[in-house]
J.: 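The structure is given below, and queries will be raised subsequently.
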Amino acid sequence: MVTLSFRGFAQGASVALLATQNGNSSSGSVSMWGQGSVGTLNIQTIAPSILVAPIVLGFEAIDIAGFDVSGGPGPGAVYDPSFHEITFIWTINGQPLAPYSAPQNMVTGWNNPNVAYGKKIAFHFSDPGTYVIDLWAVDSSGTTGTASTTIVVSNPDSVFPGVQTVCYSNDPGETWAGEKPSCQRATSFSQLASAIGNASGPLRILFKRGQEYLRTEVQRLQFTGAGDYMNHVGTWGAGAKPILHGLDSGPIFETYNADHTTEWCTFDNLQFRGDWDPVSETGKQTYSPFQFWSNDRSTHFTVSRCDFSGFDLIHGTPGEVSSFMGFADCVVTDWQNMGIFYQTGAAAFVAMLGCRIQQHVDAGNGPPNGEGTNSFYNQHGPMRYGHLDHMYVACCDMFSRCGWFDKTDQPCMRMNTDGAIDKSFIIERVVCEGGSDQITISGNNGGTPEQPGNMLIDRVLLIGTAMNFRSFIYAEYGGLTVRNVIGVMPDVPGYKPNTWNGSIYMTGQIGPDGNEDAPVRVYGNTFLNLQSPANDPGHVWTEFADSEGFTDKTVENNISHGPNLNNSVTAGAAMDLSTDIPGVSPRYKGILFNEFGQENGTLGASVPNNGSFTLPYPAGTGQAYWLALPATDNRHQIQLSGVGFFHASRGQIAVGYETSGIRITNLSGATWNSGVTWALKLDRKSQKSSIPTTYQSPPALPLPRPLSAIGGGLGVMPFDDFEEAERVTPTAGALNL
């Protein structure tokens, strides 16, 4: 629905309206205003049988009829024109939700959890209540349609009364003031596990706020078969979010048997900590706190307002059935391998709402020699998934500054790396900073076939860095629409030799017949390069490139603007760059690969438990150098091929500095056999250089606004993506005048 706001009128005053549209003028009934035809549609809700706050629910527009395009793909086809060519605007009415707290770099006006855009979206209901969901749809000819549904979300206190709630505290002097009425009490993880196994119905587990649960205290909590329940994991009491330290191997929370009873599970307001330090690139590669395997039973997962730091990765695999997983208002940072990874979910719907997935701003950029994946260094970017039936990402803030290959930062998002056919995603109101590209839609390697799907990127801000050398969006799949996107390259020198192909670069590998024939639509975007001649690597700045030869592509109504380049580009329209992008401050501080590489070798003889071997001091160092290091430089680690990692901080090895060299003592409890290759990473955090500012991004970026409109294009988009103002005529680029 369209909302009109009036200012300057006294309350109760009469207002006369005269409307003009499509050549028709009227001051009478709305039906005479030239609004066009009226279509029909309905709403399908993706939800468990019980709705308890907080919860993320999915919604899809279905039964679409009367619009210019059909409500689904044709017989034998993959491309769904209604997914791309109808604009769907969803609104929560009656009980407005507060903005998400997790995003930091977010365009002013975008952080609104009460609206969503796209055919298949999700909402986060953080509080109990009754919510009215309205859907308004419009196509390029002005045909509109509406639908509505009502959602009632229950209070968890009413769903988990008495012994259906377990309150946990590790304080020996706990007074239990503020515990839930008549709840079970637990003082150990063993008691929690027993409560899960003995439950005969929905069960809630609450950790005491303000407490910390160490790795040595935490145990795995599993719901693994019939009779096991664990529906809600949250907090009780007052204070900061409770801290749960991750385990060395395996998750804290796990579901994996096909016959588990739990239909839905929610995690809320928890803080999880791993052992990895991305700044010094030392520590244990701590396992993800979650492992969700739905197998052949559909399960609805919600992870709400949780914080994660120091893990190998957060594992979000939902399984191969029609499961749903929603991450909302969460923070993921300080990872070693990647921020969050969804591996497989052939029929799964995953939603990420209002999350911040941000690598530490002082993190090392990865392996010092670009030698590939290496568990001694930071490796990947914020998010990646293999294949999912559908992914929806909205109001998220992503930042990447490390990678594993050829000294290159990984993209903020890597989509559909398994190359599965007929999969879909929607990315809208998302800010991505960092990477060789900000968004990559491609197979995992050269042997992965690319197959068509339905992919929509809408209202997205893409921020380049000194590492951005290929494109903003790199795509190998047909069935892609990119609109209302702004890409900005700051005035910084390029770190790598430039191979810029286009702001959007379409290519392919070994895709089957049909991928190159699926439609590609690129319109209403603005791409701005601020590089000065001194930083211009001499490339040709262009909005779109296609090296594969996609046969059905429309590229129009865009702006590509690089006025200061050696090969200057001012296509589309003159630009006003006098105003900064509101709410956004680039984070990229420069480039620093860990200057202290690993030592490598092969055991010439077996080393029993409590035995040792000696290796020469690294070049440029000696006994005095190492003895002078602070006592905090003690997170040494060794990897034995085929055996595993061992850490001085865990008491698994000891490192001594002797006249003859560095002595490594085996305290692992097992014999290290002769002939095994080893790699040693010695901690020198106090010697690490500060990040040089040569490649640092500026503190702010200008908002590229066209000074004149250009007509034509694929039709009027109903909302301006930064100002949320209704458009009157199509304009070039992503912003209205």
Side-chain angles (χ1 to χ4, degrees), residues 39 41 44 60-88 117-121 137-141 143 145 346-349 385 387-393 415-428 439-443 448-458 460 473-485 504-525 544 546-558 713-715 717:
L41 69 166
Q44 177 179 325
E60 183 175 5
I62 61 172
D63 302 332
I64 300 168
F67 291 84
D68 283 353
V69 295
S70 62
V78 169
Y79 184 78
D80 176 0
S82 67
F83 190 95
H84 304 264
E85 299 172 33
I86 299 176
T87 297
F88 300 92
Y117 304 93
K119 184 177 181 180
K120 193 172 183 178
I121 58 90
V138 61
D139 64 19
S140 59
S141 68
T143 299
F349 181 169
Y385 73 85
H387 69 270
L388 302 168
D389 184 62
H390 181 69
M391 169 164 271
Y392 173 67
V393 186
M415 318 293 281
N416 197 15
T417 60
D418 289 353
I421 192 172
D422 197 14
K423 304 304 176 185
S424 62
F425 67 72
I426 296 172
I427 304 171
E428 56 106 348
I439 299 175
T440 295
I441 313 164
S442 69
T448 304
E450 278 71 39
Q451 303 184 83
N454 290 285
M455 297 154 282
L456 173 63
I457 301 175
D458 187 6
V460 171
I473 299 173
Y474 176 90
E476 297 179 344
Y477 301 91
L480 172 67
T481 294
V482 181
R483 65 191 184 206
N484 304 312
V485 168
I504 299 173
Y505 179 35
M506 300 292 300
T507 185
Q509 295 178 10
I510 55 170
D513 292 340
N515 185 46
E516 290 81 5
D517 298 327
V520 175
R521 305 287 183 253
V522 179
Y523 60 96
N525 305 290
F544 182 86
D546 173 14
S547 69
E548 184 66 17
F550 284 83
T551 61
D552 183 2
K553 55 181 179 281
T554 300
V555 181
E556 61 186 20
N557 207 24
N558 303 293
L714 292 177
M717 296 304 299

J.: Write down the atom of Glu476, the atom of Ser442, and the distance for their closest heavy-atom approach.
T.: OE1-CB, 3.1 Å
J.: Using modelled atom types only, decide if a donor and an acceptor are shared between the side chain of Asn416 and the backbone of Leu388 within a distance under 3.5 Å.
T.: no
J.: Might you point out which heavy atoms bring Leu480 and Ala475 nearest each other, and give the distance in Å?
T.: CD2-CB, 3.7 Å
J.: Using a 3.5 Å distance criterion without hydrogens, assess whether the side chain of Asp139 forms a donor-acceptor pair with backbone atoms of Asp68.
T.: yes
J.: Short question: side chain of Asp517, backbone of Asn515 - any donor-acceptor pair under 3.5 Å?
T.: no
J.: Could you work out, with side-chain contact (heavy atoms from CB on, under 4.5 Å) as the rule, every residue matching Ala137, not counting sequence neighbours?
T.: Leu41, Phe67, Ile86, Phe88
J.: Taking Glu516 for its side chain and Gly549 for its backbone only, find out whether a donor-acceptor pair lies under 3.5 Å.
T.: no
J.: Evaluate the side-chain contact (heavy atoms from CB on, under 4.5 Å) criterion for residues Arg521 and Asp552: first the C-alpha distance (whole Å), next the side-chain angles of each, then the deciding distance (0.1 Å), finally the verdict.
T.: CA-CA 9 Å; Arg521 305 287 183 253; Asp552 183 2; 3.2 Å; yes
J.: Are any non-hydrogen side-chain atoms of Pro519 and Tyr79 less than 4.5 angstrom apart?
T.: yes
J.: Where the side chain of Ser70 meets the backbone of Gly72, is there a donor-acceptor pair that is under 3.5 Å apart?
T.: yes
J.: Find the distance between CE (Met391) and CD1 (Ile426) and round it off to the nearest 0.5 Å.
T.: 12.0 Å
J.: Which pair of heavy atoms, one from Ala518 and one from Pro452, lies closest together, and at what distance?
T.: CB-CB, 3.7 Å
J.: Using atom types as modelled and distance alone, determine if a side-chain donor or acceptor of Asp546 lies under 3.5 Å from a backbone N or O of Glu548.
T.: yes
J.: Quick check: does any side chain N or O of Asn525 sit under 3.5 Å from a backbone N or O of Asn558, one acting as donor and the other as acceptor?
T.: no
J.: Tyr392 and Phe349: which non-hydrogen atoms are nearest, and at how many Å?
T.: CB-CE2, 4.0 Å
J.: Find out whether Glu556 and Thr554 are in side-chain contact, i.e. whether some heavy atom of one side chain is under 4.5 Å from a heavy atom of the other.
T.: yes
J.: How far apart are the closest heavy atoms of Ala420 and His387, and which atoms are they?
T.: CB-CB, 3.6 Å
J.: Hey, is the main chain of His84 close enough, under 3.5 Å, to the side chain of Arg483 for a donor-acceptor pair?
T.: yes
J.: Out of curiosity, Phe83 CZ to Glu60 CD, how far, rounded to the nearest 0.5 Å?
T.: 9.0 Å
J.: With the side chain counted from C-beta on, respond yes when Ile427 and Met415 share a heavy-atom pair under 4.5 Å apart, and no when they do not.
T.: yes
J.: Could you go through Met455 and Ile441, starting from their C-alpha distance and side-chain angles, then the distance that decides it, and tell me whether this counts as side-chain contact (heavy atoms from CB on, under 4.5 Å)?
T.: CA-CA 9 Å; Met455 297 154 282; Ile441 313 164; 3.7 Å; yes
J.: Quiz question: by atom type and distance under 3.5 Å, do the side chains of Lys120 and Ser424 form a donor-acceptor pair?
T.: no
J.: For the residue pair Tyr385 and Phe425, categorise the inter-ring angle as parallel (less than 30°), tilted (30 to 60°) or perpendicular (more than 60°).
T.: perpendicular
J.: List the atom of Tyr523, the atom of Thr481, and the distance in Å for their closest heavy-atom pair.
T.: CE2-CG2, 4.1 Å
J.: Between Glu450 (side chain) and Tyr477 (backbone), is there a donor-acceptor pair under 3.5 Å?
T.: no
J.: I need the Met506 CE to Ile473 CD1 distance, nearest 0.5 Å.
T.: 10.0 Å
J.: Could you give me the CA-CA distance, side-chain angles and deciding distance for Val460 and Asp458, then say whether side-chain contact (heavy atoms from CB on, under 4.5 Å) is met?
T.: CA-CA 6 Å; Val460 171; Asp458 187 6; 6.0 Å; no
J.: Taking Lys553 for the side chain and Phe550 for the main chain, is one N or O donor matched with an acceptor at less than 3.5 Å?
T.: yes
J.: Are side-chain N/O atoms of Ser547 and Tyr505 paired as donor and acceptor at under 3.5 Å?
T.: yes
J.: Side chains of Asn454 and Asp80 only: does a donor on one sit below 3.5 Å from an acceptor on the other?
T.: no
J.: Is there a side-chain contact (heavy atoms from CB on, under 4.5 Å) between Lys119 and Ser82 once you walk through the steps?
T.: CA-CA 8 Å; Lys119 184 177 181 180; Ser82 67; 2.8 Å; yes
J.: Can you check whether Val78 reaches Ile421 side chain to side chain, under 4.5 Å on heavy atoms?
T.: yes
